[in-house]
Structures are given as C-alpha cells and as structure tokens.
Amino acid sequence: MAEHLCIAQVPLFNHLPIEAQQEIMNLTHHHIYKKNELVFQPGDENLYIIASGSIKVYQLSISGKEHLLRVLKEGDYEGEKQLFNMPNDTLFGQALEETEICTLTQQAFHQALLENPSIAIKLLELSAKRTAQLEKQAQFLSMERVEERLAHYLLQISANQSSITLFMKMKDLALYLGTTPETLSRKLRYLEDHNYIKRTGKHITILDPEALENI
DNA sequence: CCATTAAATAGGA
DNA sequence: TCCTATTTAATGG
C-alpha cells in the first residue's frame, strides 16, 4: 500500500508503464521518520524519495553552522548523484514533520534506469531545475546585505504575483538566506515599515516590487 | 551591518 | 497548558 505511493506518485517514475512501476516498487524500501529525525547523512548512498511529508537538506560549514540547501516535499528525491560515483560526503537530510520515505539502493536505481531509459529524461529535467534553484540561491548569498537577499528572494518566489506564502519555517528561511532568524525577522519588519510589503504571518503581499528590486 | 544573547510573546499539539 | 517558534531588545564585533 505504502510502497505504491512511493513510485506512482513521484514525477521520476509515474510516467512509466504500470509493469515497470511494479518492478521498481519491488526494489523499494520505505520507512516513516518522526519530526527532526535524520533521514540520511554523509556516507549514506541511497536514493531517497519523499512519499509524504517534507525534509530539509543541508550541510555544515567548518564552523558548524547549518547551511540549508533546499526543502524537499512529496514527490521530490535526493541522492541521484551517487549514481554517477559522486559520494555524499556533506549532505544531511532531516524530517521537518512526520515523513514517509522510500529508498532505492544505488544498484536498484541503476538497474531501473537501465531498464527504463525514459527515467533519464526526467532525471535530466529535474536536475536542471535543481541546478537553477541552486544558482538562484548562490545569487542571493552573493549579496552583501540581508535585506537585499530577502527582497530578491521574495521577488523570485512571487513570480510577478503580488500575493505569496512562505513555505519554509522562518528559521529555515533564515538559514537558506545565510542569516539568523532574528535578522530575518528584523528585515521583514523593515520591509513592512517601509511599505514595500504587507505581512500577515507567512502570507506576504508585495506592495512595491520596484522598490524591492532596487534595494 | 549583522550575530549573539536574553527575554517576551505568539503559536501549535 | 507545555513546549517550540518567532519577535523584540540590548550589546559587541
């Protein structure tokens, strides 16, 4: 039952014929993680697929600070790079809530990929998205001031809509933007005080995109 | 300008 | 209500 969700639900596999999905399903293991539990850490080399819930993927800086790379939700996965002999020696995955994870060993995934080349196309597509997202983040982090990072982040996720909802916890968004929750809170208030945005909890209305752009 | 620390307040189970 | 998350305030690099 639960295994069914692992494959049928995820973009990486759900375009395959039922028989192929069935076969991959048989190679899958699954496990439910409680909130805050570590799903994987450096040295773990499987493919992890989120069947339900969400996890955050981060690495630690030399000084021990957490650097959040992305939040994975239902249908997302992590660990595909191990397929190409790139070991995971920096990434941690931690459940943000009760989360069901399906795992495929490196060998199992390799096998599935060889038998179903169309997975490769999906993999490429999804990898491209991930790369683009990381490039955006790199761009934020290259900005000197936090309010600048925040302003551009808001503009990016707004995609020209005026109304947006932050999907990360404030603490995680702070780590994503390379700052602390305290500074993030202050900067949000700064933007609000200047009438660039209006905020109600995690819901934000962009009042002056022009001004945000120019920060 | 921003991180850190400490304390107050809001929010969720 | 208890525990956690977020915000506010004060201080120092």
Side-chain angles (χ1 to χ4, degrees), chain A residues 1-2 5 30-42 48 50-76 78 90-102 133-159 161-215:
Chain A
M1 207 34 135
L5 296 176
H30 64 98
H31 183 61
I32 294 181
Y33 294 84
K34 295 189 177 64
K35 182 175 179 176
N36 293 331
E37 213 176 332
L38 271 190
V39 176
F40 59 82
Q41 54 187 306
Y48 301 88
I50 319 309
S52 67
S54 60
I55 73 172
K56 64 177 175 181
V57 178
Y58 63 93
Q59 48 195 173
L60 298 178
S61 68
I62 340 87
S63 54
K65 274 187 218 160
E66 178 181 325
H67 176 206
L68 182 70
L69 293 171
R70 50 184 162 266
V71 170
L72 302 181
K73 296 174 176 315
E74 189 169 304
D76 294 333
E78 185 71 46
T90 56
L91 300 185
F92 293 81
Q94 184 180 28
L96 291 172
E97 58 196 300
E98 177 158 307
T99 297
E100 182 175 5
I101 303 281
C102 305
Q133 190 263 344
L134 286 171
E135 286 170 357
K136 292 260 176 52
Q137 184 185 23
Q139 201 171 33
F140 298 143
L141 295 179
S142 73
M143 297 172 188
E144 291 290 334
R145 287 164 306 131
V146 173
E147 63 218 60
E148 196 181 357
R149 294 178 212 165
L150 176 59
H152 284 263
Y153 173 78
L154 293 176
L155 287 173
Q156 192 226 303
I157 62 169
S158 77
Q161 303 294 304
S162 62
S163 179
I164 55 184
T165 300
L166 301 176
F167 68 92
M168 282 188 245
K169 289 187 297 188
M170 299 308 272
K171 179 188 160 204
D172 288 329
L173 178 56
L175 294 171
Y176 179 79
L177 293 175
T179 184
T180 61
E182 293 88 343
T183 296
L184 174 61
S185 174
R186 268 179 235 110
K187 294 311 180 184
L188 278 168
R189 191 145 87 94
Y190 170 86
L191 295 181
E192 205 176 6
D193 288 346
H194 286 71
N195 287 320
Y196 296 158
I197 65 172
K198 186 176 183 311
R199 179 161 91 111
T200 310
K202 288 185 175 169
H203 180 260
I204 290 179
T205 305
I206 295 188
L207 302 175
D208 192 346
E210 183 88 341
L212 288 180
E213 183 68 50
N214 293 327
I215 279 179

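Chain A is the first sequence line, chain B the second, and so forth, proteins listed ahead of strands; every chain is numbered from 1.
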Here the distance between atom P of B/dA3 and atom CZ of A/R145, to the nearest Å, is 14 Å
Inset, instruction - Indicate, with a heavy-atom threshold strictly under 4.0 Å, whether A/R199 touches base, sugar-phosphate, or nothing. - result: sugar-phosphate
A/D193 atom CG is separated from C/dT7 atom C1', nearest whole Å, by 13 Å
dist A/K56:NZ -> A/L68:CG (nearest 0.5 Å) comes out at 6.5 Å
When the rotation axes relating C1' atoms of four end pairs to the next four are compared across the helix from B/dC1-C/dG13 to B/dA13-C/dT1, five pairs an end, they differ to 10° by 20°
Q.
What's A/R186 touching, base or sugar-phosphate or nothing? Going by heavy atoms closer than 4.0 Å.
A. base
(message) Tell me if a side-chain donor or acceptor on A/R70 pairs with a main-chain N or O of A/V57 at a distance below 3.5 Å.
(response) no
Correct closest heavy-atom pair for A/E97 and A/S54 would be OE2-OG, 2.5 Å
Taken to the nearest whole Å, CG/A/N36 to C1'/B/dG12 is 14 Å
A/L96 CG to C/dT4 P, in whole Å, measures 16 Å
- Query: Hey, mind stepping through A/E135 and A/Q139 against side-chain contact (heavy atoms from CB on, under 4.5 Å) and telling me if it holds?
  - Reply: CA-CA 6 Å; A/E135 286 170 357; A/Q139 201 171 33; over 6 Å; no
Between CE of A/M168 and C1' of C/dA5 the distance, given in whole Å, is 16 Å
From NZ of A/K171 across to P of B/dT4 the rounded distance in Å is 14 Å
Residue pair A/L188, A/I197: steps toward the side-chain contact (heavy atoms from CB on, under 4.5 Å) verdict:
CA-CA 8 Å; A/L188 278 168; A/I197 65 172; 4.1 Å; yes
Margin query: Let's go through A/I50 and A/I101 carefully: what are the C-alpha distance in whole Å and the side-chain angles of both, what is the deciding distance for side-chain contact (heavy atoms from CB on, under 4.5 Å) to 0.1 Å, and is it a yes or a no?
Written below: CA-CA 5 Å; A/I50 319 309; A/I101 303 281; 3.4 Å; yes
For A/L38, the side chain to side chain contact (heavy atoms under 4.5 Å, CB included) test, sequence neighbours excluded, returns A/Q41, A/Y58, A/F92, A/Q94
The correct set of residues in residues 52-67 of chain A placing a heavy atom under 4.0 Å from DNA chain C is none
Which of A/R149, A/H67, A/Q156 passes side chain to side chain contact (heavy atoms under 4.5 Å, CB included) with A/Q137? Answer is A/H67
Checking B/dT4, C/dA5, C/dT8 against the side chain of A/T180 (C-beta onward), the nearest is B/dT4
From CD of A/E147 across to P of B/dA3 the rounded distance in Å is 12 Å
Separation of B/dA13 atom P from A/K35 atom NZ, nearest Å, is 8 Å
OP1 or OP2 of B/dA3 versus the side-chain N and O atoms of A/T183: is any pair under 4.0 Å?
yes
Of A/L166, A/D172, A/L173, the one forming a side chain to side chain contact (heavy atoms under 4.5 Å, CB included) with A/K169 is A/D172
Quiz item: Taking only N and O in the side chain of A/K187, is any of them less than 4.0 Å away from OP1 or OP2 of B/dC2?
Solution: yes
